[in-house]
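Keep in mind it's a predicted model, so treat the numbers as computed, not measured.
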Amino acid sequence: MAGEFLHIEGSVENILFKNESNGYIVLDLDAGGELIPVFGNLGDIEEGEILILEGNYETSRKYGTQFRAEYCERKLPESAVNIEKYLASGAIKGIGPGLARKIVNIFGASTLDIIENNPYRLSEIKGISRKKCDEIAEEAKKLFSLRAVTSFLSQFNIKPKFAMSTFRRFGGNSMELIKINPYILCSEGIDVDFNRADSVAKELDIPYNSDKRVIAAIQCILRAFADRGHTCMLIEHLQKVVSERIDISERDFYKSYNTALDDNELFNYIIEDKEFVYLPDYYYAEQFIADRINVIRDFISPEDFSYDSLIDAEESEKNIKYEEKQRQAITTAVSRGLMVLTGGPGTGKTTTLNAIISIFEKRGDKVFLAAPTGRAAKRMSDLTGREAKTIHRLLEVVFDSSDRQVFAHNENNPLDCDVIIIDEMSMVDSILFEKLLRALRLGCRLIMVGDFHQLPSVGAGNLLKDIIASEAVPVVELTEIFRQAQQSSIVMNAHKIVSGEYPDITRKDSDFFFFKRSDFNTAVDLVVDLTKRRLPNAYKYSSMDDIQIITPSRKGTVGTVELNKVLQDKLNPPEKDKTEHKGFVYTYRVGDKVMQTRNNYDILWKKGNEQGTGIFNGDIGKIISITPASQTAVINFDGRLATYPFDMLVQVDLAYAITVHKSQGCEFEAVIMPVMGVFEKLCYRNLLYTAVTRAKKLLILIGAEEYINKMVDNNRRTGRYTCLKHMLSNRKEELWQIQISE
């Protein structure tokens, strides 16, 4: 509790380390002649500043006794000595040590007041022109504005990193904008908790039923639902949740809601008598997807040409015999501008895809291949023998004039390709697909490949399912299981599961095994033994690289959190020289297998001489170093080395065990899946199907047969609110009516 904190005060003597991205800093504080080492997320502190700190002392073997600051109040230096030190440290761009000395010699303790309120007096100093005065005044304005925001928000225990994010977003007007509407702190990219912003609003006497408060609450609830996969919400459901959450009347809700619609802060979409509410980004995304898909479809007319001879030539060249559906898929892909290729494991999607690519290339078309995740892109490369990139890398993340991440490729800078093929489309969310479509020239052909029986994307939307259900795009589903694939129990059982049949779990001579366990502890022991000893000994698999534990849930004895702790202790135990960092959920250790759990466009990475930005949801890596002094960890993601400040490790989970949802797009040599104590809401068919199809050569289920059967029996699809199917169907109908009238 705050009341238990110790209180110290002093001037900043030395800055030992500073992380600009998150405000983490290590410094020496001169507290009445005693130098105290201090660390914490304090913001952009400079030497010479006066700090009032609250926190506690901590002692470590390596760094001795230090003061961990949890709360910081900042004062500008008041004495001439400290002001000179402050300016000499580079606090104000354009003033170095020499100029700082000259300014303080003239103005003394009034220096900072002069710079802030009467900067043109600086021209009294020889060598400072009027233009130089303007430059210093502009930099000083930024500094004092950031300090004002940081100081104001600290009263509400809002950390300096949020002040820095606010300042980056709104610049020198941040303080004024917060006072007008403190709920801007909840906006995306700043992400202060609504309750914290609400406490600021109460201090500023903003009414509980003001439009600002109600609209911010609506937006926060919609963002929370987007995190669960919904691009929109039914109005009556939204109204109930918001009214209960912030204690307002239905009348107040609808008054503010209609204001937000008028101001384009929210959008609605009507299907018959149902009204769905959108945040602007998701509304624009689904509308654009629907418009562009129909434009692409109609822009490239079907070619009146038989491709039989080209397909025959492919068969002869590759010594392959394509079945009827494969020939149909190849013809559709080459003759139409747009198509979906779908099918389960062993149905020949890769063979068909390779033929499509070959024919396009022989025609002289430039073909790009992409997938949602790094692992999916690597797998696509391995199967096609051609380079495949993640969609993010293909579109190239860059920074705009406001220092925000955008994609380099868009309508004004389209991708230089004639055909683009996207694999694992079930994983692609609405926002990302919109960005991709914006980067395609109208004449570019789009081939979407995926298995609609798998789970939908982690991000909001139900893209592949909606596109197929809309009937706005040609779809070819491969259904014939090829002879070679029939030898695999993984493949055959996957098809049984998706058809509603129970898998054969009795065989002991194949690649699909079931171990019956009723006790959680013995099940966990078996998972550990298989991972650490039995599978490496029998199959020469690497415990870290080849074997993946997949489980339905994060929670419970066989959930990812508990399993990760057990597996970490057995596979990467603590050692004297192995550095650690204790996080909120996990202790991170050098050598740990980890996974990024959300898209982060900011993280810089290096791979040899190549540099880039962005580590994305589902990327799996290994911690190669942890440095307490700089509060950073370096993680290797398939050769890309990314540096994480400690406070960003909340985006990283241990990955010895991962959820089925997080395993999408990945394929592992061996998969072990506990199936016992599965929560009711996770006991459904396409979750089991997705898990089974992650295994390349070996699948082991551990637990109770009743849960396997229960999951197969429950064909409840993961329900998501989205209007894309209707938008696509509606556009198709509108275009048809236009053509008839013409």
* Structure fact -> Asn609 meets the side-chain contact (heavy atoms from CB on, under 4.5 Å) criterion, sequence neighbours left out, with none
* Sequence neighbours excluded, which residues qualify as salt bridge (Lys or Arg N to Asp or Glu O under 4.0 Å) partners of Glu580? -> Arg589
* To do: Any chance you could measure Ile635, atom CD1, to Ile626, atom CD1, to the nearest 0.5 Å?
  => 8.5 Å
* Measure across Ala285 and Ile431 and return the closest heavy-atom pair with its distance rounded to 0.1 Å. => CB-CD1, 3.9 Å
* To do: Report the residues that fulfil salt bridge (Lys or Arg N to Asp or Glu O under 4.0 Å) with Arg640, sequence neighbours left out, ordered by chain and then residue number.
  => Asp619
* To do: Taking only Lys NZ, Arg NE, NH1 and NH2, and the carboxylate oxygens of Asp or Glu, determine whether Arg223 and Asp227 approach each other closer than 4.0 Å.
  => no
* Any luck finding a side-chain donor-acceptor pair between Asn572 and Lys593 under 3.5 Å? -> no
* From Arg379 atom CZ to Thr373 atom OG1, the distance as rounded to the nearest 0.5 Å -> 10.0 Å
Check: residues 177-186 side-chain donor-acceptor pairs under 3.5 Å, at least two apart:
from: Asn181; atom 1: OD1; to: Tyr183; atom 2: N; distance (Å): 3.1
from: Tyr183; atom 1: OH; to: Asp198; atom 2: OD1; distance (Å): 2.4

* Sort and list the pairs that fulfil ring-ring contact (aromatic ring centres under 6.0 Å, His included) and have at least one residue in residues 151-172, not counting sequence neighbours. => Phe152-Phe156
* Is it the case that Thr690 and Gln664 place a side-chain donor and acceptor less than 3.5 Å from each other? -> no
* To do: Could you tell me which residues satisfy side-chain contact (heavy atoms from CB on, under 4.5 Å) with Ala691, sequence neighbours excluded, listed by chain and number?
  => Ile550, Val660, Met673
* Which residues pass the ring-ring contact (aromatic ring centres under 6.0 Å, His included) test with Tyr721, sequence neighbours left out? -> His230
* Structure fact -> Here the gap from Leu394 atom CG to Ile422 atom CD1, rounded to the nearest 0.5 Å, amounts to 7.0 Å
* To do: State, without any angle test, whether Lys662 and Asn617 hold a side-chain donor-acceptor pair at a distance under 3.5 Å.
  => yes
* To do: Answer yes or no: is there a donor N or O on one side and an acceptor on the other, between the side chain of Glu562 and the main chain of Gly559, under 3.5 Å?
  => no
* Got a sec, which residues hit salt bridge (Lys or Arg N to Asp or Glu O under 4.0 Å) with Asp429, two or more places apart in sequence or on another chain? -> none
* Asked: Can you name the side-chain contact (heavy atoms from CB on, under 4.5 Å) partners of Thr551, sequence neighbours left out?
  -> Thr560, Pro674
* **For Glu265, all residues meeting side-chain contact (heavy atoms from CB on, under 4.5 Å), sequence neighbours excluded** => Ile215, Gln219, Ala260, Asp263
* Asked: Roughly how far, to the nearest 0.5 Å, is the NE2 atom of His392 from the CG atom of Leu436?
  -> 10.5 Å
* List for me each residue that meets ring-ring contact (aromatic ring centres under 6.0 Å, His included) alongside Tyr656, sequence neighbours excluded, and say none if there are none. => none
* Structure fact -> Residues passing the salt bridge (Lys or Arg N to Asp or Glu O under 4.0 Å) test with Arg68, sequence neighbours excluded, are Glu58
* Structure fact -> Value for CD1 (Ile52) from CD1 (Ile8), rounded to nearest 0.5 Å, stands at 11.0 Å
